[in-house]
Amino acid sequence: IDKPADWRVATAMEFDEADGLFKIGNYHDFADSPFLVSPSFKLLSFDYKGATYELAFQGEADFDEEKVLGDVKKIVVDQVDMMQDTPFERYLFMYHLLPYRFGHGVEHKNSTSIVSGPADFDDDRFYRGFLGVTSHEFFHVWNVERIRPEGIFHPDYSTENYTTLLWVSEGMTSYYGGLSMMRAGLTRKNSYLSGWARTIRSYKNTPGYGVNSVSDISWEIWSKSFGAPPNTSYSFYSMGNMLGMLLDLEIRHLTENKKSLDDVFRYLNKEYAQKNRGVPDGDFLKAINRVSGKNFDTFFAKYVDGTEPIEGNLRRSAYAE
């Protein structure tokens, strides 16, 4: 990095003091490692289970450092403990705090870049959103950055890369982002359930759910994201979020709470991520069937690969055997 002497650098890449170079093992990880280069960012950190977590804040905002650090750590503790895995020695949260309205977050293998504004940590709505996007992006450490669909495992950067599993990669990350916030004690139960009420209302009022399956929406995002006909599309984030809840509850019900969606993601992490291989499009269903000992083929035929409406009383639909 060619920079003024008093500017600092924050990145997940390792810095070699001997030759002054930032180093990483391959091009894919290099392309997935953003840099923050600035004269003024604030850096906080904590350790958990052998790894260091750094929080870099760029922008002007006053906040209680101990509270923010403690709340982010609660999210990390919940998710690391759930996955029973820490696949790095250091992880970096990069926060870009803005004075105007904007929100964005992007996951990276050992870091995340989050943009929030207007940054007011005394405002409950802002702070909930700040922690919510933090929780979502951190779960990507496993889901999509390591538990990665085969179609985008080592992407060809010159063209589109297709998979039907984006509803898992993003939607189920949304599910665990919210669930982790409640498990960590950062969201009250009533608020969590109210959020689900809004999600279900949105589902019932969106015609696109009856037109295209969520696997098709995932596959066609390259071609339809900027020009889908009216009332034919929807977000695979929201549908994947709902399917995550339904699958989690049904696995728990059918196994008398001995297994859950948590076990499915731990299985995928062990059998795919830790063996450095992508997840073929059909293997998410196979993983659920294997872990639960039940058959979810009908569920997937109806609600993942099909467009059958999700009923108010799911027990009547007998979608798992």
Side-chain angles (χ1 to χ4, degrees), residues 1 9-16 21-37 41 43-58 72-73 75-96 104-115 133-158 161 163 165-166 168-177 180 237 240 265-280 283-284:
I1 301 293
V9 175
T11 180
M13 292 177 64
E14 295 303 320
F15 182 67
D16 191 327
L21 296 176
F22 292 92
K23 296 184 177 181
I24 202 159
N26 59 70
Y27 180 80
H28 293 289
D29 290 347
F30 168 71
D32 201 25
S33 298
F35 286 78
L36 173 59
V37 186
F41 66 82
L43 190 66
L44 308 176
S45 68
F46 63 86
D47 294 331
Y48 185 66
K49 289 193 172 178
T52 296
Y53 297 85
E54 296 178 343
L55 288 68
F57 296 88
Q58 173 65 36
V72 172
K73 184 173 183 177
I75 292 168
V76 167
V77 168
D78 174 76
Q79 295 186 19
V80 167
D81 287 357
M82 176 210 142
M83 291 302 298
Q84 300 173 10
D85 178 42
T86 306
F88 44 68
E89 295 181 355
R90 186 169 62 89
Y91 185 89
L92 174 66
F93 295 93
M94 287 186 288
Y95 296 105
H96 307 269
H104 191 53
V106 180
E107 70 277 3
H108 301 284
K109 191 169 185 179
N110 295 326
S111 64
T112 180
S113 180
I114 294 172
V115 186
V133 69
T134 296
S135 183
H136 177 101
E137 300 304 336
F138 187 64
F139 194 71
H140 275 311
V141 162
W142 300 276
N143 195 25
V144 92
E145 285 296 338
R146 289 170 173 84
I147 302 169
R148 198 171 181 91
E150 189 175 57
I152 60 172
F153 188 66
H154 281 155
D156 178 350
Y157 297 99
S158 68
N161 295 265
T163 176
L165 292 177
L166 292 181
V168 176
S169 298
E170 288 293 354
M172 293 209 173
T173 299
S174 293
Y175 174 65
Y176 274 107
S180 179
Y237 284 75
F265 274 95
R266 285 192 288 265
Y267 172 83
L268 291 169
N269 194 47
K270 178 181 178 181
E271 295 299 320
Y272 294 90
Q274 294 178 0
K275 294 180 179 179
N276 198 36
R277 60 193 184 107
V279 182
D283 279 22
F284 184 69

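Residue numbers start at 1 and run along the sequence shown. Basis for what follows: all heavy atoms, side chains included, without hydrogens, waters or symmetry-related copies.
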* Any luck finding a side-chain donor-acceptor pair between Y48 and T86 under 3.5 Å? ->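 The criterion, which ignores hydrogens and geometry beyond distance, is not satisfied for T86 and Y48.
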* Any side-chain donor-acceptor pair under 3.5 Å between H136 and E170? ->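 A pair is found: one side chain offers a donor N or O, the other an acceptor, under 3.5 Å apart.
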Rounded distance [0.5 Å steps], [atom1] in [X] versus [atom2] in [Y]:
X    : Y    : atom1 : atom2 : value
S111 : D32  : OG    : CG    : 7.0 Å
Y176 : T173 : OH    : OG1   : 10.5 Å
F138 : S180 : CZ    : OG    : 9.0 Å
F153 : R146 : CZ    : CZ    : 11.0 Å
L166 : I152 : CG    : CD1   : 6.0 Å
E107 : I114 : CD    : CD1   : 10.5 Å

Does any part of the side chain of [Y], heavy atoms only, come nearer than 4.5 Å to the side chain of [X], both counted from C-beta?
X    : Y    : result
P149 : Y272 : no
Q274 : D85  : yes
W142 : L268 : no
F139 : M83  : yes
H140 : T112 : no
E89  : T52  : no
F46  : L55  : yes

Under 3.5 Å, is there a donor-acceptor pair between the side chain of [X] and the main chain of [Y]?
X    : Y    : result
Q79  : S135 : yes
N143 : V168 : yes
R90  : M13  : yes
D16  : L21  : no

* To do: Verify whether the ring centers belonging to Y53 and F88 lie closer than 6.0 Å.
  =>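 Yes, the ring of Y53 comes within the 6.0 Å limit of the ring of F88, centre to centre.
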Minimum heavy-atom separation for [X] to [Y], with atom names?
X    : Y    : result
I24  : S33  : CD1-OG, 3.3 Å
R148 : V144 : NH1-O, 2.7 Å
G151 : N161 : O-CB, 3.6 Å
M94  : A10  : SD-O, 4.0 Å
L92  : A12  : CD2-N, 4.0 Å
M172 : G240 : CG-O, 3.8 Å

* Aromatic plane relationship, F93 with Y91 - under 30° parallel, 30 to 60° tilted, over 60° perpendicular ->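 The arrangement is perpendicular - the two ring planes meet at more than 60°.
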* State plainly whether the residues D29 and K109 are in salt-bridge range, i.e. N to O under 4.0 Å. =>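 A salt bridge is present here (some side-chain N lies under 4.0 Å from a carboxylate O).
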* To do: State whether D81 and K49 are salt-bridged, where the test is any N-O pair (Lys NZ or Arg NE/NH1/NH2 against Asp/Glu carboxylate O) under 4.0 Å.
  =>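 Salt bridge present between D81 and K49.
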* Mind checking what makes side chain to side chain donor-acceptor pair (under 3.5 Å) contact with E271, not counting sequence neighbours? ->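 Result, side chain to side chain donor-acceptor pair (under 3.5 Å) vs E271: K275.
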* Which one of H96, E137, H108 satisfies the side chain to side chain donor-acceptor pair (under 3.5 Å) criterion with S113? ->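 Only one option passes, and that is H96.
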* **Identified side chain to side chain contact (heavy atoms under 4.5 Å, CB included) partner of P87 from the options V80, V141, N110** =>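 For P87, the side chain to side chain contact (heavy atoms under 4.5 Å, CB included) check succeeds only for V141.
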* Asked: Any chance CZ of F15 has more than 12 other-residue heavy atoms, nucleotides or ligands included, within less than 6.0 Å?
  ->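 Yes, CZ of F15 has more than 12 neighbouring heavy atoms, counting only those of other groups under 6.0 Å.
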* For Y157, enumerate each residue passing the side-chain contact (heavy atoms from CB on, under 4.5 Å) test, keeping only those at least two apart in sequence or located in another chain. =>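 Here the qualifying residues are Y27, H28, A31, P155.
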